[in-house]
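In this text, all values refer to a predicted model and were calculated from it rather than measured experimentally. All chains are named by letter (A, B, ...) in the order of the sequence lines, taking the proteins before the strands, and each is independently numbered beginning at 1. Below, all heavy atoms of this structure are taken into account, side chains as well, without hydrogens, waters or symmetry copies.
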Amino acid sequence: MISVRNLWKVFGSNPEAIIGSPDAALTRQELRAKTGNTIAVRDVSFDVAPGEVFVVMGLSGSGKSTLVRCMTRLIEPTQGELRFEDEDILKVDEKRLRELRKTRFSMVFQHFGLLPHRKVIDNVAYSLEINGVGKSERHARANEVIDLVGLQGYAQAYPEQLSGGMQQRVGLARALAVDPQVLFLDEPFSALDPLIRRDMQTEVIRLHHQLGKTMVFITHDLAEAVKLGDRIAIMRDGAIVQIGTPEELVAQPADDYVANFVRDFPKSHILTLRWIARKPQPGEDLNGPILAPSITVRNATRQIIESSLPIRVMENGNLLGVVTAVEVLHLISGQD
Amino acid sequence: MATTLLSKPANEPAPVVAKKSKLSFQLSLLTGSFLFFALLLRGIATLPLDTSSLTSFQNWLNSVSDWIGNNRTSNPVFTFFINVIRDFIDTFVTGIQDLISQAVGNNASPLLGWFGIVVMLSYLAYAVANLRIALLVCGGLISLGLLGYWQESMDTLALTLAAVVLALIVGIPLGICAGLFPRFEKIITPALDFAQVMPTFVYLTPVTLFFLIGPASATIVTMVYAIPPALRITAVALHEVPWSSVEAAISMGSTRMQALRKVQLPQAKRTIVVGINQTIMAALSMVTIAALIDAPGLGRVVIRALESLDIGSSFQAGLGIVILAVVLDRTTTAAASKVDAENSHLLDHKHHRQILKIGALLSLIAIIISRIYIWAGNFPGTGVLGHDIATYTDNATNWFQAHFVNVTNAITNAISYGLLNPLQSLLTNSPWFVTGLAFVLLAAILGGRKLALVATFCVLGIVGTGLWSDTMATLASVLVASIATVTIGIVVGVWIGRSKRADQIIRPILDAGQVLPAFVYLVPFLGLFGATRFTAIMAAIVYAAPASIKLMADGIAGIPASISEAGIAAGSSKWQMIIKVQLPSARRAVALSTNQGIIYVLAMVVVGGLVGAGGLGYLVVAGFAQLNLTGKGLAAGLAIVLLGILLDRITQAAAVRSTLQGK
């Protein structure tokens with residue numbers, strides 16, 4: 001649905017000159033000292049499938065917020081290709097771009113970006129308003145999405161009268177009001193308390209199940225990325241280091257940076273039996289219980305430990321391997 | 001100069017930070033050598049000039065002025081451009097005067113009689129603010145009538161309104177541009193800085209040159225003076241709108257125009273109203289001074305009374321200006337807080353709207369009454385209250401002068417002989433190249449090569465106007481008043497910066513003081529000290545102190561708690577805290593408050609030309625009065641501007657320096 005190819009964003013004067021020159025290989029500090037430019041997004045390519053939740057994760061300053069702004073051209077990319085349903089977004093004119101923003105894309109911001117002088121309902125209806133939708137029609141639609149995000153009864157309130165979590169629900173409702181195809185969420189829950197954050201993550205999962213929107217979700221929180229993401233892209237210094245499912249990232253980190261990232265994450269929560277199954281040793285009793293390879297280790301632990309025989313991991317009638325308590329303990333204790 | 005906005009610190013490239021000891025060594029060496037050469041070469045090349053003599057440059061300015069006078073009706077620049085503007089503004093301001101102040105045709109009163117105006121303006125005050133303000137407006141207006149200056153007050157109001165409307169029409173759109181386009185703001189900022197450094201006084205002569213004297217040029221000069229605050233604060237208002245909400249609007253497909261109209265302007269509304277307040281206060285201040293170029297109204301009464309040393313009448317009319325200032329300031333300030341209330345959604349709109357409708361109806365009825373009945377048309381009575389006030393003031397002044405003449409003389413003499421006279425004779429007797437070089441070197445030490453160039457330009461410019469000696473006389477008064485102002489600024493500023501209670505009591509007084517137009521301050525001191533340069537100096541101190549004190553207090557109060565706590569934890573006494581911790585930490589505030597103090601003082605010292613202070617201010621006034629001195633008046637205005645730039649740039653460089661040293 002979205003396809004990004006070789007996207008660059010260089011800040012500073014004469015940014016095009018940097019790309020393709022030997023300077024592009026310098027580190028950020030070196031480049032800034034030499035030319036005064038900063039590379040925020042470096043040769044990034046990826047695809048997002050319809051209905052997918054694609055998470056971009058990285059530390060602050062890794063370029064993830066710039067990347068998501070480049071995707072809606074809130075920040076103009078320096079070079080590259082950006083296709084949405086076979087339309088080259090970087091080539092469309094201002095008018096078409098506004099149309100896309102009005103109808104196809106929506107964005108949710110870290111600091112909400114609500115309009116303090118408008119009631120909740122008029123915040124939610126803003127994009128309908130600039131779409132030229134009449135008042136009663138847009139209010140009806142706004143009320144629908146306000147209910148959808150669980151803000152019944154707050155339509156007439158002003159943003160400052162709401163808590164942070166509720167304000168971000170308004171932000172979500174506003175993004176959903178035009179029934180967009182893609183939702184871009186830029187660290188939407190970073191400014192919220194941990195408990196509220198968990199509620200909101202659950203809310204996003206629920207909305208995704210209910211509405212099936214494609215989402216590009218920016219976060220610096222690995223737990224959040226794993227919880228929400230179908231696939232995760234890890235960014236560092238503007239470049240994507242690795243793209244993969246949560247399981248792939250944890251099982252096969254591409255480099256030390258990613259490994260460092262996922263080190264403290266409880267692996268048994270992500271990894272499935274497929275990753276820890278081993279070849280049966282000669283003479284091992286292969287009459288143990290059968291489990292599917294897609295079950296996470298955590299969910300299989302009880303059965304594995306209670307079974308006196310090795311568990312057989314079978315897919316379509318083929319034996320992929322066996323698992324015993326030893327493998328589980330190895331994984332949990334971190335010596336794999 | 002009622003505006004409280006600071007001009008931004010100079011964007012000079014930061015000079016290499018010298019060691020503090022090196023800096024003070026350089027400064028003392030400079031002071032020492034200046035004193036040595038000034039005294040050694042005393043009396044040489046002092047460039048004196050009699051009041052009635054003219055240099056060739058001043059003669060040339062005279063001929064320019066004559067040429068403009070002769071070609072006013074024939075030259076296309078005038079017939080198609082300047083005269084058109086003048087006619088348009090004249091029509092506009094005369095229209096407003098016909099409405100509220102001047103009798104029209106055969107009628108005895110303006111289109112709106114006093115009764116109609118009082119009811120209507122009180123109603124408007126209620127509409128934009130609240131009931132309390134409406135009562136204040138009502139009471140204020142009626143007391144203007146009781147003072148015996150109804151028509152003069154309305155003239156002042158008419159001119160102020162005309163100028164404010166025009167200034168806002170120009171200033172707000174330009175301010176929006178500056179808020180939206182950083183490049184435009186960058187271009188326009190130096191011009192605004194420059195405009196804010198200029199004393200009100202020097203705007204007058206050039207404008208009369210092109211637009212003659214009278215209400216139209218008074219409106220133009222006021223408008224020019226009032227545009228910078230309107231423009232600047234509008235730009236600030238737009239900057240204050242969080243970028244996140246603008247970005248959100250754009251991400252939803254708003255055009256730039258929609259984002260401005262639906263997102264930025266609604267959120268900027270409150271600050272823009274504050275800007276309107278500043279614009280109005282600036283305009284009122286200028287309109288009263290524009291009496292010098294024949295603007296009708298209260299200012300004219302004050303000036304005539306000042307010229308004839310009629311303390312009673314000048315006090316009476318000055319009081320009128322104060323009332324007008326308080327009414328306008330309170331109303332617009334309350335209007336700004338009401339925007340707040342609207343934003344926090346505390347208003348009961350339905351109820352409010354009904355009252356507004358009834359009020360509108362009542363105003364209409366009052367206006368009709370004021371057109372039918374004579375008692376409601378012209379303010380009845382002859383201002384008995386005003387005469388009483390004038391008489392009491394005269395009596396009080398006489399009594400005071402009779403009993404305290406020794407005290408006032410002692411103060412005058414102590415400061416004159418102890419400080420002012422030696423300083424003035426030092427400056428006026430020193431060769432111009434010695435003093436000028438001292439300025440250039442000072443600029444070089446504080447601000448590097450670029451500032452030294454600016455200083456050289458200013459010094460040579462002043463010499464070029466032919467008024468070096470008069471400039472030095474003015475500078476002596478400015479320095480004396482500045483020393484006093486800065487001392488008061490630091491002492492009181494530290495006090496209220498340290499004590500919340502003191503702040504709560506004193507700050508409203510300072511705010512009120514800043515609202516008053518400059519030359520109202522002359523009146524009480526004229527009563528005490530007579531027509532001398534000393535009156536101008538005292539008035540300048542009182543006029544400049546509030547700005548200086550506030551900056552200082554904000555600097556002290558703004559010291560991070562961690563620094564103060566560290567000082568207390570180390571066991572400092574109160575004085576040790578002030579001397580060793582707070583003043584050094586607030587070094588930048590000291591420098592800034594000095595800068596603002598000097599700029600305000602300069603503005604007031606030249607206005608003192610009205611009441612016998614000599615120097616440049618007197619020459620500007622004389623330029624209005626005598627045709628053959630027009631050129632000299634223009635040259636004096638130019639010299640004031642150059643002196644202002646010189647003092648402003650140098651003190652700002654000192655401020656930047658002290659910031660760097662703090663790091």
Measuring from [X]:[atom1] to [Y]:[atom2], what's the distance to the nearest 0.5 Å?
{"X": "M252(B)", "Y": "T72(A)", "atom1": "CE", "atom2": "OG1", "result": "12.0 Å"}
{"X": "S244(B)", "Y": "D186(A)", "atom1": "OG", "atom2": "CG", "result": "11.0 Å"}
{"X": "R118(A)", "Y": "K262(B)", "atom1": "CZ", "atom2": "NZ", "result": "5.5 Å"}

Exercise. Considering only heavy atoms, which portion of R73(A) lies under 4.5 Å from any heavy atom of chain B: side chain, backbone, both, or neither?
Worked result: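 Contact with chain B involves no heavy atom of R73(A) at all.
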
For this session: Over all heavy atoms of both residues, which pair between G113(A) and A248(B) is shortest? Give the atoms and the distance, please.
Result: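 It is O-CB, 3.5 Å.
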
Problem set entry | Contact summary for Y126(A) and S254(B), nearest pair of heavy atoms |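 For Y126(A) and S254(B), the tightest heavy-atom pair comes out as OH-OG, 2.9 Å.
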
Seminar exercise, completed: Expected contact set for residues 128-156 of chain A against chain B at heavy-atom separation under 4.5 Å reads E129(A), I130(A)

Seminar exercise, completed: Checking V241(B), V263(B), V246(B) against L115(A) for side chain to side chain contact (heavy atoms under 4.5 Å, CB included), the one that qualifies is V263(B)

For this session: Name the option with the most non-hydrogen atom pairs under 4.5 Å to chain B; the candidates are R98(A), Q110(A), K102(A).
Result: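 When all of R98(A), Q110(A), K102(A) are compared, R98(A) has the most.
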
Exercise. Looking at H111(A), E99(A), R174(A), which has the largest count of heavy-atom pairs under 4.5 Å with chain B?
Worked result: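 So the answer, after comparing H111(A), E99(A), R174(A), is R174(A).
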
Exercise. Is the shortest heavy-atom distance from the side chain of R101(A) to the side chain of I250(B) under 4.5 Å?
Worked result: yes

Problem set entry | S245(B) side chain reached by F112(A) side chain, heavy atoms, under 4.5 Å |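 Contact flag for F112(A)/S245(B) side chains = no.
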
Seminar exercise, completed: By residue number, those in residues 125-132 of chain B with heavy atoms under 4.5 Å from heavy atoms of chain A are none

Exercise. In chain order, what residues pass the side chain to side chain donor-acceptor pair (under 3.5 Å) check against D88(A), with sequence neighbours excluded?
Worked result: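 So D88(A) forms a side chain to side chain donor-acceptor pair (under 3.5 Å) with K91(A).
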
Exercise. Would you find more than 12 non-hydrogen atoms of other residues, nucleotides or ligands less than 6.0 Å from D86(A) atom CG?
Worked result: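 Count not over threshold, so no.
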
Exercise. Excluding sequence neighbours, so at least two apart, what forms ring-ring contact (aromatic ring centres under 6.0 Å, His included) with F54(A)?
Worked result: F46(A)

